[in-house]
Amino acid sequence: MELKLYDTLTREKRVFNPLDQDCVRMYVCGPTVYDFAHIGNARPVIVFDVLYRLLRHRYGKDHVKYVRNITDVDDKINARAAERGIAIRQLTEETYKNFKEDVAALGCLPPDVEPRATEHIDEMKTLIARLVASGNAYVEQEHVLFSVPSMTDYGRLSKRPLDEMIAGARVDVAPYKRDPMDFVLWKPSKENEPGWPSPCGIATPGRPGWHIECSAMSWKHLGETFDIHGGGIDLVFPHHENEIAQSRCAFHTGVMANFWMHNGFLQVEGEKMAKSLGNFITIRELLENWQGYAWPGEALRFNMLRTHYRQPLDWTYNSLDESHKILWDWYEKLQNVASDTQAPDSVVRALCDDLNTPQAIAELHKLHRERNYSGLLAALSVMGFSGRRQKIPRIAPAAGAASGISSAVGAGQAGVVPEMIEKLINARAVARAAKNFAESDRIRGELAKMGVVLKDTKDGTTWEIAR
RNA sequence: GGCCACGUGGCGGAGUGGUGACGCAACGGUCUGCAAAACCGUGUACACCGGUUCAAUUCCGGUCGUGGCCUCCA
């Protein structure tokens, strides 16, 4: 079975063959740690987690190296730390911890390496020195700048011919730039800003520009060229374009990564997500209380994967609720199913077609329809789902707290059966036996008010928390 | 203004140059004291206008709409 992936650089779906079968190498741009990650941040994390799992499935767990960086030096971080009156390190540590918790709840495996920018300053300086030596960068007013005209095929990834961009004229022409398109590799720091000894004989301490860290960290952990580089579509220009320029010019290589993969943008209820519009949603908010419910991470994950990763995705309550319902229905059938089979080919084949997760989900539905539950569980597992119902309670925080039942049961205490419910069910059974259906229905109604749904089966009455 | 995506039935969402993927919802049926669940069944969709073609939702051009980038925003 071939694995095909869409490459932004060539704008085509191509067969993927790793440079080294024993070590498939993937780099994904990670978070800038200054605040809770939002639902848009979650998309690449989930998408590339699925790819990571697929690669591990194909090439073996120990033959894939996934690197996702932590950007912990950035002007937004400086500003936020000052605003909150805390140390930069405290802010980045706290934010990183929250991020780790959030993405774990989304069912994402930790990458093999999570390098931090601040721990790779030396590598950045080495790259910068090389670029200056090769004539691809220059020092000006204590800045080091990459000279875009020095790279003849700059702009291939974003398909922006140089002359057009300059004609765009929206570029801020700083006095230290020789060409309007040149971008910063290193800049001087003021007293109150984080700084490190500068390269290239610059006396003032400084800090790196935005793009150089990814070139440095991918080099350190994956080498001069590697297999896959991923991120959001908005990073294509300028971030990834500039990474390519830095790495290729520093190493004199034809490509930085063989495949450039970008996930599409996300909207919320048909509108762009923005703080100013008041529809900004963090992952944490969804997990704790969004639209009156605490949404399980697996439901968020599933909702994300129902749309192909390159398509625009509209995040809505309806869609999320439907996602949860589907999992809830499936997981009911999986309660006593063992996870001992291989993932069915149909699902893996769909994933191998440029990560066609909607097609894979259609195959999941088919397995469900055919009652191939062990296959369903195995397929879910490959895509990062537990298949366990206690992992996906959908709790109404306010209502749950009031009744005391939804929260107790919803919190996953599957072994704990509240006595009150059992008593009511027994009372109802007595009423039914006596054909006192008015009383029987009254009890059903009472339980329904508490959020408990009954099911009469031939083996007796079972119950569950209403979803 | 320049460049680039996307627009599929009530909703979500794949895909394809030629007899309606799939799911949710809805409706009908079986079952049930009533329900729920389960199972069975029911739908002539591809923004608009042109063009190419024996044939277009699928290719080409234009229009409109939504969004992205060009402003260190995933």
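So you know, we letter chains A, B, ... as the sequences are listed, proteins then strands, and number each from 1.
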J.: Please determine, for the side chain of A/Q359, which listed nucleotide (B/C70, B/A14, B/C72) has the closest atom?
T.: B/A14
J.: Would you call A/F146 and A/I128 a side-chain contact if the rule is heavy atoms closer than 4.5 Å?
T.: no
J.: Just call it for A/K325: base, sugar-phosphate, or nothing, with non-hydrogen atoms closer than 4.0 Å on any strand.
T.: sugar-phosphate
J.: Would you say the side chains of A/H38 and A/N41 form a donor-acceptor pair under 3.5 Å?
T.: yes
J.: Can you sort out the partners of A/W210 under ring pair (Phe, Tyr, Trp, His ring centres under 6.0 Å), two or more places apart, ordered by chain and number?
T.: A/H239
J.: A/Y317: which residues meet the ring pair (Phe, Tyr, Trp, His ring centres under 6.0 Å) condition with it, sequence neighbours left out?
T.: A/W295
J.: In this structure, is the centre-to-centre distance between the rings of A/F259 and A/H229 below 6.0 Å?
T.: no
J.: Anything under 3.5 Å between a protein N or O and an N or O of nucleotides 9-11 of chain B, put it in a table, one pair a line.
T.:
none

J.: From C-beta outward on A/Q267, which listed nucleotide comes closest to its side chain: B/G67, B/G68, B/G13?
T.: B/G67
J.: Expressed in whole Å, how much space separates the C1' atoms belonging to B/U57 and B/A36?
T.: 40 Å
J.: Heavy atoms only, 4.0 Å cut-off, all strands: where does A/R310 land among base, sugar-phosphate and nothing?
T.: nothing
J.: Contact class for A/R207 vs. all strands (heavy atom < 4.0 Å): base, sugar-phosphate, or nothing?
T.: nothing
J.: For the side chain of A/D456 and the base of B/C34, is some donor closer than 3.5 Å to an acceptor across the two?
T.: yes
J.: Using the C1' atom on both, measure B/C6 against B/A38 and round to a whole Å.
T.: 39 Å
J.: Between B/A21, B/C6, B/G12, which nucleotide gets closest to the side-chain atoms of A/R306?
T.: B/G12
J.: Has the side chain of A/N356 got a donor or acceptor that lies under 3.5 Å from a partner of the other kind on the base of B/G15?
T.: no
J.: Side chain of A/K455 only, heavy atoms from C-beta on: which candidate in B/A36, B/C22, B/G68 is closest?
T.: B/A36
J.: Just to be sure I understand the rule, does A/S440 reach a base, reach only the sugar-phosphate, or reach nothing, if contact means heavy atoms closer than 4.0 Å?
T.: base
J.: By nearest atom, which of the nucleotides B/G23, B/C4, B/C72 is closest to the A/W210 side chain?
T.: B/C72
J.: Ignoring the backbone of A/P312, work out which of B/G33, B/C22, B/C6 is nearest its side chain.
T.: B/C6
J.: Specify the separation, in whole Å, of atom CG of A/L235 and atom P of B/C70.
T.: 10 Å
J.: Roughly how many Å apart are B/U8 and B/G15, using the P atom of each and rounding to a whole number?
T.: 14 Å
J.: Indicate, with a heavy-atom threshold strictly under 4.0 Å, whether A/Q311 touches base, sugar-phosphate, or nothing.
T.: sugar-phosphate
J.: Can you tell whether the side chains of A/D7 and A/R14 come within less than 4.0 Å, N to carboxylate O?
T.: yes
J.: Could you check whether A/H38 gets within reach of a base, just the sugar-phosphate, or nothing at all, counting any heavy atom under 4.0 Å?
T.: base
J.: What nucleotide, of B/C4, B/G67, B/G33, holds the atom closest to the side chain of A/F437?
T.: B/G33
J.: From A/I70 CD1 over to A/H120 NE2, what is the distance, rounded to the nearest 0.5 angstrom?
T.: 11.5 Å
J.: At under 4.0 Å between heavy atoms, what does A/R442 touch on the DNA or RNA strands: base, sugar-phosphate, or nothing?
T.: nothing
J.: Whole angstroms only, please: what is the NE2-P distance between A/H308 and B/G12?
T.: 19 Å
J.: Is A/F265 stacked against the base of B/A74, taking the criterion as centroid distance under 5.5 angstrom and interplanar angle under 30°?
T.: yes
J.: Tell me whether A/K325 is salt-bridged to A/E322, with the criterion being a basic N under 4.0 Å from an acidic carboxylate O.
T.: no
J.: For the residue pair A/Y52 and A/Y66, does the interplanar ring angle fall in the parallel (under 30°), tilted (30 to 60°) or perpendicular (over 60°) class?
T.: tilted
J.: Which whole-number value in Å describes the distance from A/E332 CD to B/A38 P?
T.: 7 Å
J.: Quick check on RNA chain B: between A/R371 and A/V184, whose nearest nucleotide comes earlier from the 5' end?
T.: A/R371
J.: Which residue pairs satisfy the side-chain hydrogen bond (donor to acceptor under 3.5 Å, both in side chains) criterion with at least one member in residues 136-149 of chain A, sequence neighbours excluded?
T.: A/S134-A/N136, A/N136-A/S150, A/Y138-A/D182, A/E142-A/T204
J.: Return the value, rounded to whole Å, for the distance between atom NE2 of A/H211 and atom C1' of B/C69.
T.: 13 Å
J.: In whole angstrom, give the distance that lies between atom CH2 of A/W328 and atom P of B/A37.
T.: 14 Å
J.: Which whole number of Å gives the distance between the C1' atom of B/G33 and that of B/G28?
T.: 22 Å
J.: Return the nearest nucleotide to the side chain of A/D234; candidates are B/G33, B/G23, B/G68.
T.: B/G68
J.: If we take the C1' atom in both B/G17 and B/A26, what is their distance in whole Å?
T.: 34 Å
J.: RNA chain B: stems of at least 3 consecutive Watson-Crick or G-U pairs, cut-off 3.5 Å?
T.: B:1-7 with B:64-70, B:10-12 with B:22-24, B:26-30 with B:38-42, B:47-51 with B:59-63
J.: Name the nucleic acid region contacted by A/L266, choosing base, sugar-phosphate or nothing; use a 4.0 angstrom heavy-atom cut-off, strictly under.
T.: base
J.: Can you work out whether A/K333 or A/I361 has the more 5'-proximal nearest nucleotide on RNA chain B?
T.: A/I361
J.: When the distance from NE2 of A/H368 to C1' of B/C39 is rounded to whole Å, what number comes out?
T.: 12 Å
J.: Taking B/U63 as the reference, what is the distance to B/C24 when you measure between their P atoms (whole Å, please)?
T.: 41 Å
J.: Suppose you measure atom P in B/U58 against the same atom in B/U19; what distance do you get, rounded to whole Å?
T.: 14 Å
J.: Grab the CZ-C1' distance between A/F237 and B/C69 for me, whole Å please.
T.: 8 Å
J.: What's the CG-C1' distance between A/D441 and B/A36, to the nearest Å?
T.: 12 Å
J.: With a 4.0 Å cut-off on heavy atoms, is A/R68 in touch with a base, just the backbone sugar-phosphate, or nothing at all?
T.: nothing
J.: Pick the C1' atom in B/C34 and in B/G20, then give their distance to the nearest Å.
T.: 38 Å
J.: Using a heavy-atom cut-off of 4.0 Å across all strands, would you classify A/K275 as base, sugar-phosphate, or nothing?
T.: nothing
J.: Under a 3.5 Å cutoff, is there a donor and acceptor pairing between the side chains of A/T357 and A/R306?
T.: no
J.: Going by atom types alone, do A/N69 and A/T71 pair a side-chain donor with an acceptor below 3.5 Å?
T.: yes
J.: For the side chain of A/R43 and the base of B/A74, is some donor closer than 3.5 Å to an acceptor across the two?
T.: no
J.: Quick one: side-chain hydrogen bond (donor to acceptor under 3.5 Å, both in side chains) pairs with a partner in residues 259-275 of chain A, sequence neighbours left out?
T.: A/T8-A/H262, A/H240-A/H262
